Amino acid sequence: MRVEIWSDIACPWCYIGKARFEKGLAGFAHRDEVEVVHRSFELDPGHAKGDTAQVIDMLAQKYGRTREEAQAMEANVAANAQAEGLGYLTEGRDHGNTFDIHRLLHLAKARGRQDELLGLAYRANFAEERSVYDGDVLVELAVEAGLDADEARAVLADPEVYAAEVRADEREASELGANAVPFFVFDRRYGISGGQPAEVFAQALEQAWKDRPLTVIGGDAAVCDADGACEVPQTGSGA
């Protein structure tokens with residue numbers, strides 16, 4: 001079974017949702033047969049590269065709130081993160097364009113280290129004073145995730161590398177009707193929007209597993225069809 005997760009590093013509910021999904025997955029009997037694929041989604045694609053702002057200031061401006069109200073918003077999110085055992089800084093974090101991060105995550109996917117890099121990037125952005133909008137920090141995170149430093153630098157140096165893959169993910173999200181993240185899709189049958197409780201993810205996994213398509217094995221063996229006609233196997237072959 002495949003679970004696809006559309007998310008953005010700048011999204012706190014994606015950070016929290018990932019932890020809650022993993023808790024739901026941990027208790028799933030068939031967890032070793034679940035493939036998790038992370039997909040790209042930019043919350044602020046029009047934000048100029050290299051132009052960053054403090055999160056509190058960004059929230060106040062975006063939602064027309066005072067700084068005190070924006071701080072209260074962040075405190076509420078922090079409480080949810082901490083309830084999941086996650087670190088969360090309510091002050092000092094910055095916000096910017098995440099396109100390069102998504103391109104690097106596609107490199108990590110190609111090298112089988114996507115989940116590792118995503119987890120490190122979330123932690124750096126929300127729990128540590130490490131800016132994921134700094135190229136040197138991204139290379140450090142890539143190395144920590146098991147990627148080659150020179151290869152990571154080469155990807156970041158060329159804005160076209162993995163750009164098509166990021167755009168393809170975003171188009172697919174639009175086609176699926178996802179206009180907010182996190183967005184979880186189970187075997188292209190069920191979708192869950194938002195950082196839901198772990199129990200919701202556990203139920204979705206059970207339902208998707210129950211309803212997954214039947215895989216037919218040995219389709220070229222002798223069979224009887226619906227009209228009652230039976231193939232006659234060749235001598236020496238199985239019935």
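Residue numbers run from 1 in the order of the sequence given. From a predicted model like this one, the values you see are computed outputs, not experimental measurements.
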Q) Taking the six-membered ring of Phe186, is NZ or CZ of Arg212 closer than 6.0 Å to its centre and within 45° of its axis? A) no

Q. Does some side-chain heavy atom of Leu43 sit less than 4.5 Å from a side-chain heavy atom of Val181?
A. yes

(Q) Minimum heavy-atom separation for Ala142 and Leu104, please, with both atom names. (A) CB-CD2, 4.2 Å

Q. If you measure only the distance, is there a donor-acceptor pair under 3.5 Å linking the side chains of Gln71 and Glu91?
A. yes

Q: Taking ring pair (Phe, Tyr, Trp, His ring centres under 6.0 Å) as the test, write out the residues that go with Phe184, two or more places apart.
A: Phe21, Phe201

Q: Give a yes or no answer on whether the side chain of Asn80 reaches the backbone of Asn76 with a donor-acceptor pair at less than 3.5 Å.
A: yes

Q: Could you tell me how the ring of His47 sits relative to the ring of His95: parallel (under 30°), tilted (30 to 60°) or perpendicular (over 60°)?
A: perpendicular

Q | side chain to side chain contact (heavy atoms under 4.5 Å, CB included) partners for Val37, two or more places apart | A | Arg2, Glu4, Glu35, Arg39, Lys109

Q | From Asp51 atom CG to Asn97 atom CG, the distance as rounded to the nearest 0.5 Å | A | 9.5 Å

Q | Contact summary for Ile16 and Ala81, nearest pair of heavy atoms | A | CD1-N, 3.7 Å

Q: May I ask you to say whether Arg103 pairs ionically with Asp158, meaning some side-chain N is under 4.0 Å from a carboxylate O?
A: no

**Q.** Verdict with reasoning, Trp13 to Val77, per side chain to side chain contact (heavy atoms under 4.5 Å, CB included)
**A.** CA-CA 8 Å; Trp13 292 109; Val77 178; 4.1 Å; yes

(Q) Between Glu42 and Arg167, does any side-chain N to carboxylate O distance fall below 4.0 Å? (A) yes

Q | Pair Asn125-Tyr15, side-chain donor/acceptor within less than 3.5 Å | A | no

**Q.** Closest heavy-atom pair and its distance - Tyr162, His106
**A.** CD2-CB, 3.6 Å

Q. Between OG1 of Thr90 and OH of Tyr88, what distance do you get to the nearest 0.5 Å?
A. 8.0 Å

Q. Within the side chain of Arg20, is there an N or O that forms a donor-acceptor pair under 3.5 Å with the backbone of Gly195?
A. yes

Q) Got a second to check how far Leu25's CG is from Asp32's CG, nearest 0.5 Å? A) 8.5 Å

Q. Is there a donor-acceptor contact under 3.5 Å from the side chain of Arg111 to the main chain of Leu147?
A. no

Q. Thinking salt bridges, do Arg188 and Glu172 make one under a 4.0 Å N-O criterion?
A. yes

(Q) Using 0.5 Å steps for rounding, measure from the CG atom of Leu118 to the NE2 atom of His102. (A) 9.0 Å

Q.
Which residue in the set Asp100, Thr52, Leu138 passes side chain to side chain contact (heavy atoms under 4.5 Å, CB included) when paired with Tyr133?
A. Thr52

Q: Quick one: sort the Phe126 and Tyr122 rings into parallel, tilted or perpendicular, breaks at 30° and 60°.
A: tilted

Q: Kindly give the heavy-atom pair with the smallest separation between Ile9 and Ile101, and that separation in Å.
A: CG1-CG2, 3.5 Å

Q: Looking only at non-hydrogen atoms, find the nearest pair between Leu59 and Ala70 and report the distance.
A: CB-CB, 4.0 Å

**Q.** Side chain Glu144, main chain Leu120, donor-acceptor under 3.5 Å
**A.** no

Q. For the residue pair Asp169 and Trp6, what are the closest heavy atoms and their distance?
A. O-NE1, 2.9 Å

Q: Any chance you could lay out the side chain to side chain donor-acceptor pair (under 3.5 Å) test for Gln61 and Asp57, step after step, and finish with the verdict?
A: CA-CA 6 Å; Gln61 181 178 5; Asp57 295 333; over 6 Å; no

**Q.** OG-NE2 distance between Ser40 and His38, expressed to the nearest 0.5 angstrom
**A.** 11.0 Å

Q: Output yes when Lys210 and Glu206 qualify as a salt bridge under the 4.0 Å nitrogen-oxygen rule, no when they do not.
A: no

